[in-house]
Peer 1: 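Handing you this structure, nothing more for now.
All values below come from the heavy atoms of this structure, side chains included, with hydrogens, waters and symmetry mates left out. So that the names make sense, note that chain A is the first sequence line, chain B the second, and so on, each numbered from 1.
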There are 4 protein chains.
Amino acid sequence: MSSVYGEHLKLSIFGQSHGSAIGMTLDGVPAGLSVDLEALNVFMQRRAPGKQAYSTPRAEADCPEFLSGIVNGYTCGAPIAAVIQNTNTKSRDYSNLYDCPRPGHADYTAQVKYKGYQDVAGGGHFSGRLTAPLCIAGGLCIQWLKQRGITVTGHICSIAGISDIPARIDPVRPQLQFSDPDFPVFSAQAAEKMKKAISDAKADGDSVGGVIECVIEGVPAGLGGPLFGGLEGKIAQAIYAIPAVKGVDFGAGFDACGMPGSQHNDAFTIENNTVRTITNNAGGILGGISSGMPIIFRVGIKPTPSIAKLQQSVSLSSMEEKDLTVEGRHDPCIVPRAVPVVEAAAAIAIFDALLSNY
Amino acid sequence: MSSVYGEHLKLSIFGQSHGSAIGMTLDGVPAGLSVDLEALNVFMQRRAPGKQAYSTPRAEADCPEFLSGIVNGYTCGAPIAAVIQNTNTKSRDYSNLYDCPRPGHADYTAQVKYKGYQDVAGGGHFSGRLTAPLCIAGGLCIQWLKQRGITVTGHICSIAGISDIPARIDPVRPQLQFSDPDFPVFSAQAAEKMKKAISDAKADGDSVGGVIECVIEGVPAGLGGPLFGGLEGKIAQAIYAIPAVKGVDFGAGFDACGMPGSQHNDAFTIENNTVRTITNNAGGILGGISSGMPIIFRVGIKPTPSIAKLQQSVSLSSMEEKDLTVEGRHDPCIVPRAVPVVEAAAAIAIFDALLSNY
Amino acid sequence: MSSVYGEHLKLSIFGQSHGSAIGMTLDGVPAGLSVDLEALNVFMQRRAPGKQAYSTPRAEADCPEFLSGIVNGYTCGAPIAAVIQNTNTKSRDYSNLYDCPRPGHADYTAQVKYKGYQDVAGGGHFSGRLTAPLCIAGGLCIQWLKQRGITVTGHICSIAGISDIPARIDPVRPQLQFSDPDFPVFSAQAAEKMKKAISDAKADGDSVGGVIECVIEGVPAGLGGPLFGGLEGKIAQAIYAIPAVKGVDFGAGFDACGMPGSQHNDAFTIENNTVRTITNNAGGILGGISSGMPIIFRVGIKPTPSIAKLQQSVSLSSMEEKDLTVEGRHDPCIVPRAVPVVEAAAAIAIFDALLSNY
Amino acid sequence: MSSVYGEHLKLSIFGQSHGSAIGMTLDGVPAGLSVDLEALNVFMQRRAPGKQAYSTPRAEADCPEFLSGIVNGYTCGAPIAAVIQNTNTKSRDYSNLYDCPRPGHADYTAQVKYKGYQDVAGGGHFSGRLTAPLCIAGGLCIQWLKQRGITVTGHICSIAGISDIPARIDPVRPQLQFSDPDFPVFSAQAAEKMKKAISDAKADGDSVGGVIECVIEGVPAGLGGPLFGGLEGKIAQAIYAIPAVKGVDFGAGFDACGMPGSQHNDAFTIENNTVRTITNNAGGILGGISSGMPIIFRVGIKPTPSIAKLQQSVSLSSMEEKDLTVEGRHDPCIVPRAVPVVEAAAAIAIFDALLSNY
């Protein structure tokens with residue numbers, strides 16, 4: 001079991017929520033790719049906490065500091081390493097989590113796996129904070145993909161069961177303009193309802209989840225492969241690294257399961273002397289290989305497990321049931337902040353597939 | 001991009017639908033595990049074609065022949081290799097597929113990736129037939145998991161939009177008895193409706209898809225890990241190797257996205273001096289690590305792309321649109337036969353996780 | 001621990017000496033590479049046993065049968081699988097090897113690792129026979145390298161302490177013509193002495209080893225990388241997969257350790273508008289990366305452990321010392337047959353490095 | 001090509017000689033292993049520069065700063081990340097190295113591979129300074145091996161062609177006491193000669209190399225495996241990551257190539273109810289698997305390529321020959337400082353093999 005991802009790239013993510021720093025190393029990146037650190041910081045800010053009413057008040061700059069791999073604005077071929085100092089850690093006592101695990105969290109499973117040696121402070125290595133280094137790697141990949149005409153865009157399909165209108169984009173000709181890039185939904189009305197649901201959950205000491213859709217445009221046909229080399233599996237593996245993800249489907253996905261084949265099969269056509277499909281139920285992937293159509297997938301995000309409400313847990317020492325109230329700073333809904341994280345993970349998968357394609 | 005899977009195990013699947021043989025090598029299996037070849041053949045038969053009205057008439061024995069790795073009924077520590085001879089290949093002319101790709105198939109994307117050198121006969125390496133060697137590997141892993149008290153059971157949630165009643169099992173105390181193991185649904189009435197939908201599709205030259213749920217009981221708490229080492233990603237990667245899979249979700253999955261956290265979080269309890277959860281929305285995985293509760297996930301299977309109906313395709317040589325009628329022997333619905341394949345892929349993932357757990 | 005090699009390629013070797021077949025799968029090969037099966041068989045014959053007075057009388061055709069991955073003389077992009085049937089296995093009783101391990105063989109270490117479940121017949125998975133599938137994979141890579149102007153040539157430096165004259169080739173402008181390609185030495189006189197040493201060893205129930213040098217010409221500058229990505233480590237890892245190899249050094253190698261830097265450093269020069277070095281003590285690799293000069297390394301082959309002489313072993317059941325006489329068909333010297341195996345392993349490493357170079 | 005090593009462990013090394021920091025991440029380490037940071041610093045000091053007359057005057061503390069993975073003196077199961085700040089970098093102008101590569105260095109090959117984007121300052125990612133993070137990882141592994149009764153000890157066999165007396169240890173019952181742990185040779189007289197050769201080389205603007213032998217005691221029988229899983233290949237791959245290594249052999253190694261099999265085969269015997277061998281020409285590895293005897297291998301270190309003497313190089317822009325004088329702070333001999341680096345690399349390989357052994 002490891003925190004390393006990639007075939008040609010090797011991405012390693014490290015750090016614990018309340019350790020001295022978190023970070024990543026990214027190996028296998030070709031030399032000579034330009035890096036725009038300012039653009040990266042702008043991207044990182046989309047994930048950063050503390051900006052909005054509905055997100056955790058833990059505010060950190062989250063500016064990556066690069067230790068290696070970039071010289072004068074270009075990759076130099078050596079592994080890229082970057083860290084983010086943990087500046088806003090609270091020296092609260094977390095030790096009760098060893099005995100009384102929080103429902104929906106990794107406390108219990110980490111206790112079994114790491115036998116009490118795991119770092120529980122702030123969630124340790126399981127913290128959503130570890131998605132920051134994922135965004136460093138992904139933010140870089142997004143830049144390098146963009147230089148090849150490939151864009152990665154996520155948006156919110158639903159929060160707390162409230163769907164955007166439309167809930168999904170046009171998979172053939174995606175229109176991806178959003179008035180608020182920090183809350184990318186099409187309908188202002190739906191956005192209001194979603195935000196209210198988040199506020200209500202917060203007021204209630206509760207939390208909500210949602211669904212994110214991600215669109216990757218400009219991927220050339222021919223990336224990926226059959227069986228274990230398929231793009232779906234490769235993307236899914238990257239996306240499932242994001243804590244709180246419990247579902248990933250591609251194209252029409254689970255909705256396709258009730259369609260007849262004659263409806264689901266995407267008929268081929270020619271546009272501007274290019275092979276395209278009239279519909280895109282396949283989500284841009286056929287036989288595990290990109291078709292040149294937009295790659296589209298959805299990600300199901302469970303409601304944040306950290307809630308203020310009283311919950312039932314157990315004491316692992318006495319093996320008896322025990323009530324638990326979780327303290328700390330929590331997002332009542334991580335879905336908006338998860339949008340750039342999904343984009344980051346997707347970009348890493350696509351960039352790796354691109355490099356693996358001889 | 002490769003057809004190799006695993007961290008501790010290394011599974012390599014090879015063969016083309018109409019080549020001389022298909023097969024697999026499985027490396028990293030400890031020595032001394034007993035192998036019941038008869039039980040494996042029984043398992044293989046659940047995937048084998050030609051048994052039922054609703055499946056392809058291509059009938060092959062599909063008995064694996066073991067070349068190495070097993071001595072006197074026990075693994076010997078050396079890589080296990082097994083092949084299945086392709087006996088029932090029809091020497092039809094497939095060459096038009098290079099020019100006129102079938103909608104919903106890998107013909108077009110393979111043409112781009114392999115530049116016309118791919119084997120198109122019967123779908124080549126993209127054929128559903130390649131799930132037979134997956135079932136050899138998975139069938140062995142199922143036996144070895146069973147020897148450790150772990151069982152893997154799939155069932156059909158829905159076909160053609162017709163849901164079983166209930167559509168999902170009880171995730172806390174799964175009851176998994178099915179009257180017809182080749183068509184595992186709870187409700188006889190639902191089964192009839194599903195079978196009729198398949199027959200109707202067949203009569204109509206069409207096809208249907210469906211949803212499979214898989215339950216893994218007996219997995220000890222502590223398998224998997226955070227980030228890229230998570231069990232969800234590991235299982236999803238194996239499942240997405242199955243052609244036609246377009247969605248995978250865990251536990252309450254996409255349905256969980258509308259729940260509040262207070263409902264979704266699984267409260268801990270003690271039963272028989274063991275930590276369990278009262279509900280199992282997490283599907284047995286917390287923080288990427290098994291919790292000891294049943295591992296539960298759903299798999300969305302798209303409708304079989306091979307349909308007899310006239311479809312629109314293109315000619316890649318003339319770059320013009322062109323009507324296409326696909327000939328050959330096709331399953332109007334692969335969902336029932338995909339159930340053991342899902343079990344096989346899941347078993348490989350879990351057995352690999354078990355071996356990777358020091 | 002696995003029998004899988006490669007970064008971009010994935011080579012898996014399977015089989016036991018006296019199982020039904022041995023073979024290999026090679027994944028990650030691009031589509032469209034031509035394959036000359038006749039040339040491959042000619043290459044395989046260089047390794048095949050039974051041809052000469054000094055090699056084992058076990059004579060097998062050792063013609064690979066391809067199951068997948070090659071269509072009409074070209075790779076199709078799917079994994080290549082090939083097997084060699086084991087036709088000449090003797091059903092001798094090998095069971096005493098479980099109790100009384102042969103000195104110099106893997107019998108004891110396999111017994112500890114595989115707890116008595118290992119296949120000991122003919123050496124099982126540890127047999128030198130497993131170098132035949134290595135030669136299938138390597139023989140293919142040699143063809144594909146040749147198509148890119150890269151040649152791989154091994155020759156014998158010494159056998160039984162008798163050195164060829166010269167013992168090493170000119171590393172800057174290698175001359176690699178040998179009168180007997182099955183016994184590639186420069187000096188006919190040295191060849192006679194070596195053959196006599198082999199015959200003497202055979203008559204004496206003993207065995208001899210030797211040193212092989214391998215030269216790879218035409219490798220473009222720029223393959224490999226620093227640290228764990230270095231070509232030396234990559235080649236060494238492939239070469240050490242050959243049973244009986246106990247040493248690998250590059251360029252001037254161990255002989256360089258006594259040189260001053262001013263002598264060892266290869267001065268740069270320009271020839272035909274190309275950067276070259278005047279000497280080639282580096283063996284064509286600087287900083288783990290190919291320099292464009294011939295890649296040169298030596299391989300130390302220990303004397304064949306199978307000897308007819310009485311040896312001292314132990315009984316693992318009674319834990320007492322015990323005399324042992326090893327029966328069976330043995331090579332008194334495997335060095336000549338190991339030459340193509342070294343070429344094969346080197347070719348696999350270089351072809352993998354070539355594919356991994358974006 | 002990557003800077004990542006390991007099967008169960010994943011070690012990633014990053015940094016450039018004159019970047020802001022160098023470091024490593026080590027993933028896959030079990031939780032609950034104790035870490036003695038003071039002992040690690042003592043180990044690091046053995047590699048640190050600036051201590052002796054014969055090493056580079058670049059003096060840096062080289063104390064690793066741990067960012068993650070260790071809590072209260074124990075591993076917590078999360079990836080371990082550590083950095084060393086580069087404090088003593090000189091802002092010299094290195095830009096001429098892009099045009100005029102130093103003989104024996106990676107300047108030319110890096111230029112070809114990275115197309116001028118590589119970091120040349122101080123050798124960049126190719127610098128011997130990158131062995132410091134290797135020593136962090138290896139120093140930790142040495143501690144964890146020691147906790148299991150396994151010790152790793154290197155010593156100097158020869159420098160500048162001057163052999164220690166004896167040049168090699170007794171491979172059956174190694175005696176490894178050295179009066180000067182920073183210059184581990186048996187004979188005080190030989191040590192003096194070696195040191196004089198280093199001083200002479202320095203005075204002459206030249207450099208010298210040497211041979212290191214490494215002994216690993218206490219490794220249980222059964223680690224490793226056949227073919228690509230062999231311990232020799234695994235260790236060699238780790239050792240070849242050390243810049244300047246050009247040869248690795250095991251046990252009697254290249255010296256064994258002239259022995260008859262009857263002399264080379266290590267006869268088995270029983271000592272204290274344990275299977276051992278009377279000699280240890282195999283260097284503790286049979287069939288790629290540890291035998292329980294001391295694992296012994298030699299490492300050939302080329303003379304430091306950085307010398308003050310005038311050398312011939314070329315101008316890559318004008319493609320003409322050009323004289324070159326290399327400036328900077330150089331070790332006339334890195335062999336003594338390479339001893340702990342060899343130990344570190346070996347420890348990483350063995351600890352990985354130990355974890356990979358189910």
Side-chain angles (χ1 to χ4, degrees), chain C residues 1-3 5 13 103-104 106 109 112-113 125-126 161 206-211 221-222 225-230 232-233 236-237 240-241 246-247 249-250 253-254 256-258 260-262 264-268 270 273 275 286-287 289 291 300 302-305 307 309 312-314 319 356, chain D residues 1-3 5 13 103-104 106 109 112-113 125-126 161 206-207 209-211 221-222 225-230 232-233 236-237 240-241 246-247 249-250 253-254 256-262 264-268 270 273 275 286-287 289 291 300 302-305 307 309 312-314 319 356:
Chain C
M1 292 297 116
S2 84
S3 301
Y5 175 85
I13 288 178
T109 55
V112 172
K113 186 175 181 70
H125 191 53
F126 292 86
D206 212 330
S207 67
V208 293
V211 176
L227 291 162
F228 301 115
E232 288 108 334
Q237 196 196 0
Y240 274 118
K246 296 301 274 190
D249 70 354
F250 291 83
F254 277 104
C257 301
S262 56
H264 185 270
N265 283 352
D266 301 309
F268 286 107
I270 304 287
N273 211 32
V275 175
L286 282 168
I289 302 176
S291 70
K302 71 175 185 180
T304 325
I307 57 174
K309 280 193 168 173
Q312 180 183 318
S313 181
V314 292
M319 289 300 267
S356 301
Chain D
M1 292 298 116
S2 85
S3 302
Y5 176 85
I13 288 178
T109 55
V112 173
K113 186 174 182 71
H125 191 54
F126 292 86
D206 212 331
S207 68
V211 176
L227 291 162
F228 301 115
E232 288 109 333
Q237 196 194 0
Y240 273 118
K246 297 300 273 190
D249 70 353
F250 291 83
F254 278 104
C257 302
M259 290 182 188
S262 57
H264 185 271
N265 282 352
D266 301 309
F268 286 108
I270 304 286
N273 211 32
V275 175
L286 282 168
I289 302 176
S291 69
K302 71 175 184 179
T304 324
I307 57 175
K309 280 194 169 172
Q312 181 183 316
S313 181
V314 292
M319 288 302 265
S356 301

Peer 1: Does any part of the side chain of D:Leu227, heavy atoms only, come nearer than 4.5 Å to the side chain of C:Tyr5, both counted from C-beta?
Peer 2: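 They are not in side-chain contact.
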Peer 1: Heavy-atom pairs under 4.5 Å with chain C are the metric here; pick the option from D:Gly261, D:Gly300, D:Gly161 that has the most.
Peer 2: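 Highest number of heavy-atom pairs under 4.5 Å: D:Gly261.
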Peer 1: Between chain D and each of C:Ala106, C:Gly209, C:Pro103, C:Gly233, count heavy-atom pairs under 4.5 Å; write down the option with the most.
Peer 2: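 Max contact count across the listed options: C:Pro103.
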Peer 1: Test your reading of the model: is there a side-chain donor-acceptor pair from C:Ser262 to the backbone of D:Asp206, 3.5 Å cut-off?
Peer 2: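 No; zero donor-acceptor contacts below 3.5 Å.
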Peer 1: Which atoms of D:Ile307 come close to chain C, meaning under 4.5 Å heavy atom to heavy atom: side chain ones, backbone ones, both, or neither?
Peer 2: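 Side chain only.
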Peer 1: Among C:Phe126, C:Phe250, C:Phe254, which residue forms the greatest number of heavy-atom pairs with chain D at distances under 4.5 Å?
Peer 2: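 With the most close heavy-atom pairs to chain D, the winner is C:Phe254.
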Peer 1: Could you have a look at C:Gly253, C:Gly222, C:Ala236 and say which one has the most heavy-atom pairs with chain D under 4.5 angstrom?
Peer 2: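 If we count pairs closer than 4.5 Å to chain D, C:Gly222 comes out on top.
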Peer 1: Mind checking salt bridge (charged side-chain N to carboxylate O under 4.0 Å, His left out) for C:Asp266 and listing every partner two or more places apart, or none if nothing turns up?
Peer 2: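 If we apply the salt bridge (charged side-chain N to carboxylate O under 4.0 Å, His left out) test to C:Asp266, skipping adjacent residues, there are no hits.
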Peer 1: Against chain C, work out which of D:Ala256, D:Pro303, D:Gly287, D:Gly258 has the most heavy-atom pairs shorter than 4.5 Å and name it.
Peer 2: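 Of the options given, most contacts go to D:Pro303.
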Peer 1: May I ask you to name which of D:Ser313, D:Ser291, D:Ser207, D:Cys257 has the most heavy-atom pairs under 4.5 Å with chain C?
Peer 2: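 Maximum pair count with chain C is reached by D:Cys257.
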Peer 1: Please determine, among C:Val112, C:Asn265, C:Val211, the option with the most heavy-atom pairs under 4.5 Å with chain D.
Peer 2: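 Heavy-atom pair counts peak at C:Asn265.
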Peer 1: If every non-hydrogen atom of C:Gln312 is compared with every non-hydrogen atom of D:Phe268, which pair is closest and at what distance?
Peer 2: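 Minimum heavy-atom separation between C:Gln312 and D:Phe268: NE2-O, 2.9 Å.
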Peer 1: Any idea which heavy atoms bring D:Met319 and C:Ile270 closest together, and the distance?
Peer 2: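 That would be O-CG1, 3.5 Å.
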